[in-house]
Each structure stands twice: as C-alpha cells, then as structure tokens.
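This report refers to the structure that appears directly beneath it.
As the structure is a computational prediction, the values presented were derived from the model and not from experiment.
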Amino acid sequence: MGGGTESFPYIGEHCQYDDCNQLDFLPFTCNGCRKVFCLEHRTYRSHACPKADHSSRTVAVCDICSASIEKKANEDDKDSLSRHEKSGTCDPSKKRKPRCPVPRCKEILTFSNKSACKVCNLKVCLKHRFPSDHSCRMTKLVARTGLACKEKKESVLLSSSIKAF
C-alpha cells in the first residue's frame, strides 16, 4: 500500500490494520508479520499478530531479589517465581534500591536526596518534592501568596515581641 498525500505522495504509509487504514507519517513495521501499522496498532496484541510469540519473551519480577525471571511457554507467574526460589539463585541482598515513583524518573532515593510530601506522604526525589511535580493526590492545597506570607511573618514577630517582655 502506498501512502502520502497529493503534495507528498512518497511520505508516510497507511496502517494495514483491517479497520484503521490511517495515514501515518511515522509508521511502524511489525517484527513478526512485517506489516505497517500506526501508533495505536503497533503492538503485537493490538493488531493480533499471528507471529508474535516467535520473537517475544515474557518475564516475572521476583519480589525478594528484584530479579527478572523468564517465563516458559504457558507458564504462570507464580510457577516461574517458585521455580526461581527453589533454584537457590534468589538472594535478598541483591534487592534494588528504592527509586523515585514519578514516571520516567530513575533517581535512587537515598538519605540525602529523598523528600516526603507533606500532603500525601509519598517519598520522592528532590526534583519532584513539590506537590505539582509528582501528581500529588491532594484534597486541597492552599496557594501561598505574598499576603499570606506577610501575615505569617507579622504573627511571628508579634509572638516573639510578647515573649521579650
């Protein structure tokens, strides 16, 4: 199938999924069936690729040591994890360090670079310490204005001047 528009006939291709046929300027070619798909239908599952299992691998992650265990064909996660535990290679000392839970952030949380959100108590890295940076599930956050800060400063000054007498 060709693609493109009247102005640019050689740019892009149409999605080969039966019900889609969308013109995509950055199409994806499936590794299994070698057909061209748009972003929505590029995965094996979304276009029901008949040759998907030949080149794909599935893994289960061990909760004890954070190791990735390759699953055999038609094997359940529990079966592969129990096989891993019985093999003797499961070592709790190899557990990975905690990371920042914000999507696409790979920062390892240590004593000096982690912060707990005062609103939702989520432990995040210093880059995401503000509620707006980590999609805080807050109920209501009072915005800090210059007037509110001024009032707080005046109340602190009044309380300190009362203690001086």
Side-chain angles (χ1 to χ4, degrees), residues 1 3 11-145 148-149 152:
M1 266 187 166
I11 298 177
E13 290 189 50
H14 288 276
C15 178
Q16 292 181 343
Y17 187 70
D18 295 332
D19 296 334
C20 184
N21 203 29
Q22 175 184 349
L23 176 62
D24 197 338
F25 292 106
L26 294 171
F28 295 90
T29 304
C30 177
N31 294 343
C33 61
R34 297 286 183 215
K35 291 184 179 179
V36 176
F37 298 101
C38 63
L39 179 65
E40 185 179 345
H41 300 112
R42 71 185 171 115
T43 61
Y44 294 137
R45 185 174 288 157
S46 64
H47 71 266
C49 184
K51 300 180 181 176
D53 293 331
H54 298 296
S55 61
S56 66
R57 294 173 26 183
T58 55
V59 295
V61 178
C62 179
D63 294 330
I64 299 170
C65 67
S66 297
S68 299
I69 299 97
E70 187 171 355
K71 296 190 321 185
K72 295 180 180 176
N74 299 328
E75 186 179 32
D76 191 21
D77 283 352
K78 291 180 183 179
D79 296 335
S80 60
L81 290 174
S82 65
R83 180 175 39 91
H84 166 68
E85 289 175 13
K86 291 175 185 174
S87 69
T89 58
C90 187
D91 186 11
S93 65
K94 293 181 181 177
K95 180 118 175 119
R96 291 193 182 124
K97 306 267 190 244
R99 295 188 182 267
C100 180
V102 176
R104 292 187 293 231
C105 182
K106 297 179 180 176
E107 193 70 34
I108 295 174
L109 298 179
T110 61
F111 175 76
S112 61
N113 79 336
K114 75 177 170 187
S115 175
C117 178
K118 293 178 181 175
V119 178
C120 66
N121 292 326
L122 185 67
K123 292 180 183 171
V124 294
C125 69
L126 293 178
K127 291 183 224 170
H128 301 109
R129 67 185 178 269
F130 299 114
S132 60
D133 293 337
H134 67 266
S135 301
C136 186
R137 297 179 303 274
M138 60 190 148
T139 54
K140 182 180 178 187
L141 181 65
V142 179
R144 291 185 63 170
T145 61
C149 291
K152 185 175 182 180

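At distances below 3.5 Å, not a single donor-acceptor pair connects side-chain atoms of Asn21 with backbone N or O atoms of His14. When atom types are taken as modelled, the side chain of His47 and the backbone of His41 share a donor-acceptor pair closer than 3.5 angstrom. Checked by atom type and distance alone, the side chain of His128 never pairs as donor or acceptor with a backbone atom of His134 at under 3.5 Å. Side-chain atoms of Arg42 do not come within 3.5 Å of backbone N or O of Phe37 as any donor-acceptor pair. Checked by atom type and distance alone, the side chain of Gln16 pairs as donor or acceptor with a backbone atom of Val36 at under 3.5 Å.
You'll find the side chain of Lys127 stays beyond 4.5 Å of the side chain of Val102, heavy atoms only. Taking the side chain as every heavy atom from C-beta outward, Lys123 and Pro98 never approach each other to under 4.5 Å. Using a 4.5 Å heavy-atom threshold, the side chains of Val124 and Cys117 count as separate. Side-chain contact between Glu40 and Cys15 is absent, with no heavy atoms from C-beta onward closer than 4.5 Å.
The heavy-atom pair separating Leu109 from Cys100 by the smallest distance is CG-N, 3.8 Å. Of all the heavy atoms in Cys38 and Asp24, the pair that sits closest is CA-OD2, 3.1 Å. Residues Cys62 and Leu81 come closest through the heavy atom pair CA-CD2, 3.7 Å.
The CG atom of Leu126 lies 11.5 Å from the CG atom of Asp133; values are rounded to the nearest 0.5 Å. Here Tyr17 contributes atom OH and Gln22 contributes atom CD; the two are 13.5 Å apart, rounded to the nearest 0.5 Å. For the atom pair CG of Asp79 and CD1 of Ile69, the computed distance is 12.5 Å after rounding to the nearest 0.5 Å. The OG1 atom of Thr89 sits 9.5 Å away from atom CZ of Arg83, with the distance rounded to the nearest 0.5 Å. Here the CZ atom belonging to Arg129 is positioned 11.0 Å from the CG atom belonging to Asn113, to the nearest 0.5 angstrom.
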Apply the test side-chain contact (heavy atoms from CB on, under 4.5 Å) to residues Cys65 and His84: give CA-CA distance (whole Å), side-chain angles for both, the deciding distance (0.1 Å), then the verdict.
-> CA-CA 10 Å; Cys65 67; His84 166 68; 3.4 Å; yes
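The existence of a salt bridge linking Lys71 and Asp77 is confirmed by a sub-4.0 Å separation between a basic side-chain nitrogen and an acidic carboxylate oxygen.
Around CG of Asp63, the count of heavy atoms belonging to other residues, nucleotides or ligands within 6.0 Å does not exceed 12.
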